[in-house]
Amino acid sequence: MVVLERWPTPYPLPRAVHFDHETARILQACGLGDDLARISEPAEVYEWRNAAGEVLLRFGRIGAGLSGWPESSMFNQPALEARLDRRARSLPGVEVRRGVEVVGLTQDGEGVTVHHRPVEAVDAGAGRPPPLTPAGDESALRARFVVGADGAGSTVRTLLDPPVRDLGYFYDWLVVDVVLDEPRVFDPVNLQICDPARPTTLVSGGPGRRRWEFMRLPGEPLDELHAEATAWRLLAPWDVHPGNATLERHAVYRFQARWVERWHDGRILLAGDAAHQTPPFAGQGMCAGLRDAANLAWKLDLVLRGRASVALLDTYDAERAPNMQALVQFAIDLGKVICVPDPAEAAARDAAMTAQVVPGTLSEVPPVPGIDHGVVRTDTPAGGQLFVQGRVARGAHRGRFDDVCGTGWWLVARSGAVPPDGGDRAWFADIGGRIVTVGDGGELDDLDGAYDTWFARHAVAVALVRPDFHVYGTAADADGAAGLLASLRADLGDG
């Protein structure tokens, strides 16, 4: 695999600051589990207040989510990307080429020719992304498939020119990232101030960092909002100033809600912000991109190894688009509560929301929608839903399931519910699938009862789990487990 990255050096400025428990599990699968705790901090409560400081909403979850990680964590993206880059370069099958810009794509029935050229960055000053300029002649490489994961300004998307669905929901916000000279406690860690005079967001930017976001008011000049002096002026109410903080970045962003109607064209596919953009109010922008990657990776792997037909890639759009569209709509719904500059409208909102607040309680974080069609058996309990990751032990080896057992295709079963030997079981092993029993009499000890609870809740004894941690299907016994393997083999096309 060859990665073409247009930035000659790692992009130095913060962007995303939040990941959820499922995203953490994806990063864990990339070999970054030990690093995540060092570069992030849990954000168990997200509180919304009105201009008077009254609580409008408190939601969150204390402790680990379904995937074995905190429901929400805050981080610094450059710190994460540095570790991802180091991990990618350590893998024998990955080549990362920096300072390379894609300028054209030509595809046929066998692959894609990628036309590219070298670029270099020009210093634009602190807090600004450096512009890129050509630095050499154009050349080309050949690939069987191309994935354009090149951001909201995607070159690959521009070259494909797919139809785009724009929901017409957008606002300009000033995003300010700050490094404080001295540690300071913020309680809650994440706070939304729904003040019509200036809707404002205060969140962690990862350990040692804070982010403020200020909505552009109607008629406010864009260049004035973008000025560094404006950032310091808006930070002043929190006693943040040049004498006790460093302004790491300040930039005006247009929060948008849109997606491409077609996520792939032949052998060229789109992922992340290249395929969809969401307002940040649900903190799902980067998370959605990593879900795209997790979904697409195992499908490309099977196709490239000849273990599934190329038609399997059609399920990428089918599975990911409904999930992403639901999250975009959820972010818009949150934005409609936040982005209210009219005092009368804000007063009516405040009255309705404060009346529903129960002191001392937390509203549950709404779960991310599952997969409702594609490579799933939704006619079985929990089919298409995210599978649990609990703490297990195999002999002296104890930890989260993926760290103890590894990732990939898994048939996880109670003791006695394992399918008999046969052709489908051998086929499952051939695509990298493994079978493990957990709980009483099983190979794995269920240290916290997570699997016992999950199986009991869904009244099943077997879960066939995809490499992206979603449940393909479930069964009640060994015969049902055998049926799941046969069904999966048919769905994948068996090469």
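We number each residue from 1, following the sequence as shown.
Within the 3.5 Å criterion, the main-chain N or O of Ile268 finds no donor-acceptor partner in the side chain of Asp265. Under the 3.5 Å distance criterion, the side-chain polar atoms of Arg434 are matched with a main-chain donor or acceptor of Thr407. With hydrogens and angles disregarded, a donor-acceptor distance shorter than 3.5 Å links the side chain of Arg267 to the backbone of Arg144.
The aromatic ring centroids of Phe59 and Tyr46 lie less than 6.0 Å from each other. The ring of Phe255 has its center no closer than 6.0 angstrom to the ring center of Phe170.
Between the side chains of Glu22 and Ser67, no donor-acceptor pair is found at a separation under 3.5 Å. Counting only N and O atoms by type, the side chains of Ser487 and Tyr472 include a donor and acceptor under 3.5 Å apart. Side chains of Ser204 and Glu41: a donor-acceptor N/O pair is present below 3.5 angstrom, by distance only. For the 3.5 Å distance criterion, the side chains of His18 and Asn190 fail to qualify, holding no donor opposite an acceptor. Using modelled atom types and a 3.5 Å distance limit, the side chains of Arg254 and Gln277 yield no donor-acceptor pair.
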(request) Check the pair Arg377, Asp379 against salt bridge (charged side-chain N to carboxylate O under 4.0 Å, His left out), reporting the backbone distance first and the verdict last. (result) CA-CA 5 Å; Arg377 286 280 305 277; Asp379 59 337; 2.8 Å; yes

(request) Might you work through the salt bridge (charged side-chain N to carboxylate O under 4.0 Å, His left out) test for Arg466 and Glu319, ending with a clear yes or no? (result) CA-CA 13 Å; Arg466 307 178 349 164; Glu319 292 182 357; 2.9 Å; yes

(request) Assess whether side-chain hydrogen bond (donor to acceptor under 3.5 Å, both in side chains) is satisfied between His470 and Asn295, documenting all intermediate values. (result) CA-CA 9 Å; His470 284 80; Asn295 185 290; over 6 Å; no

(request) Could you walk me through whether Arg15 and Glu81 pass side chain to side chain contact (heavy atoms under 4.5 Å, CB included), step by step? (result) CA-CA 11 Å; Arg15 282 147 291 148; Glu81 288 189 356; 3.3 Å; yes

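In this pair, Phe387 and Trp454 present their aromatic rings perpendicular. The plane angle is above 60°, beyond the 30 to 60° band. The aromatic rings of Trp263 and His276 lie tilted to each other, with the angle between the two planes from 30° to 60°. Using bins of under 30°, 30° to 60° and over 60° for the plane-to-plane angle, the ring pair Tyr451/Phe401 lands in the tilted bin.
Closest approach of Asp317 to Pro322, counting heavy atoms only: O-CD, 4.0 Å. In plain terms, the two heavy atoms of Gly272 and Asp292 that are nearest each other are N-OD2, 2.8 Å.
Distance CG/Leu57 to CH2/Trp48: 6.0 Å, rounded to 0.5 Å. Distance CZ/Arg425 to CZ/Arg489: 14.5 Å, rounded to 0.5 Å.
Sorted by first and then second residue, the side chain to side chain donor-acceptor pair (under 3.5 Å) pairs involving residues 96-111 (not counting sequence neighbours) are Glu95-Arg97, Glu101-Arg117, Thr106-His115, Asp108-Arg142. Residue pairs meeting the side chain to side chain donor-acceptor pair (under 3.5 Å) criterion with at least one partner in residues 152-168, sequence neighbours excluded, are Asp150-Ser154.
With sequence neighbours excluded, no residue forms a salt bridge (Lys or Arg N to Asp or Glu O under 4.0 Å) with Asp34.
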